[in-house]
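Numbers here simply count residues along the sequence, with the first being 1.
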Amino acid sequence: QVQLAESGGGLVQPGGSLTLSCVASGFTLDYFAIAWFRQAPGKEREGPLCISESGGGTYYDYAVKGRFNVTRDDAKKTVYLQMNSLKDEDTAVYYCATSFRRTQVVVDIHTTWGQGTQVTVSS
């Protein structure tokens, strides 16, 4: 059964850091890209924030480039999102997703999503 599960969210002060994890099950992570999205209350889904591509390539949206770093460990079937220099506007539920493509994550009927993990940036 294909599944993604996020963890690692929590409360952090502005300027602080958090690392999120996305664990894949039911498929071989090596072959597929994983993307991170987020959604704040009352706002539309934002993303992809970043993409971890099969083979090690990465993509970052301008909003997080230089602050967020996505890495992967295929043996652990896990993708990590290291978030640094967090801002109030980073507060959202963070989701990982795959559409079972090597270097792309597109939102369509084949997309698999995790359940999300809450990140709150506040002093």
Heavy-atom closest pair (Gln39 atom, Lys43 atom, distance to 0.1 Å) is NE2-O, 3.0 Å

So does Phe27 get a backbone contact from the side chain of Lys77, meaning a donor-acceptor N/O pair under 3.5 Å?
yes

Provide the closest heavy-atom pair for His110 versus Asp108 in the form atom of the first, atom of the second, distance.
N-OD1, 2.9 Å

Please list, chain by chain and in numerical order, all residues satisfying side chain to side chain donor-acceptor pair (under 3.5 Å) with Ser17, sequence neighbours excluded.
Asn84

Side chain proximity check, Gln3 to Val23, heavy atoms < 4.5 angstrom
no

Test side-chain contact (heavy atoms from CB on, under 4.5 Å) applied to Ile34 and Leu4, step by step:
CA-CA 10 Å; Ile34 298 288; Leu4 296 174; 4.1 Å; yes

How close do Gly116 and Val93 get, counting heavy atoms only, and between which atoms?
CA-CG1, 3.8 Å

Here the gap from Tyr95 atom OH to Arg45 atom CZ, rounded to the nearest 0.5 Å, amounts to 9.5 Å

Could you give the distance from CG (Leu49) to CG (Leu81), rounded to the nearest 0.5 Å?
7.5 Å

ring-ring contact (aromatic ring centres under 6.0 Å, His included) contacts in which one or both residues fall within residues 35-72, not counting sequence neighbours
Phe37-Trp113

Residues forming a side chain to side chain donor-acceptor pair (under 3.5 Å) with Glu46, sequence neighbours excluded:
Arg38

Please determine whether residues Val2 and Tyr31 belong to a single hydrophobic cluster, defined as Ile, Leu, Val, Met, Phe, Trp and Tyr linked transitively by side-chain heavy-atom distances below 4.5 Å.
yes

Say you draw a straight line from CG of Leu18 to CD of Gln82; how long is it, rounded to the nearest 0.5 Å?
10.5 Å

So, does Ser52 use its side chain to make a donor-acceptor pair with the main chain of Thr71 at under 3.5 Å?
no

What are the two closest non-hydrogen atoms of Leu86 and Met83, and how far apart are they?
CD2-CB, 3.8 Å

Could you tell me whether Gln115 atom CD has more than 12 heavy atoms of other residues or ligands within 6.0 Å of it?
no

Counting heavy atoms not belonging to Glu44, are there more than 12 under 6.0 Å from its CD?
no

Rounded distance (nearest 0.5 Å) linking atom CG of Leu11 with atom CD of Gln118:
10.0 Å

Between CZ on residue Arg72 and SG on residue Cys22, distance to nearest 0.5 Å
10.0 Å

If every non-hydrogen atom of Gly9 is compared with every non-hydrogen atom of Thr117, which pair is closest and at what distance?
N-OG1, 3.0 Å

Between Ser54 (side chain only) and Thr103 (backbone N and O only), is there a donor and an acceptor less than 3.5 Å apart?
no

Atom CG of Leu29 and atom OG1 of Thr78: how far apart are they, to the nearest 0.5 Å?
7.5 Å

Is Glu6 reaching over with its side chain to a backbone N or O of Leu20, donor-acceptor style, under 3.5 angstrom?
no

Test your reading of the model: is there a side-chain donor-acceptor pair from Thr58 to the backbone of Ile51, 3.5 Å cut-off?
no

Between Pro14 and Ser123, the two heavy atoms sitting closest are CD-N, 3.7 Å

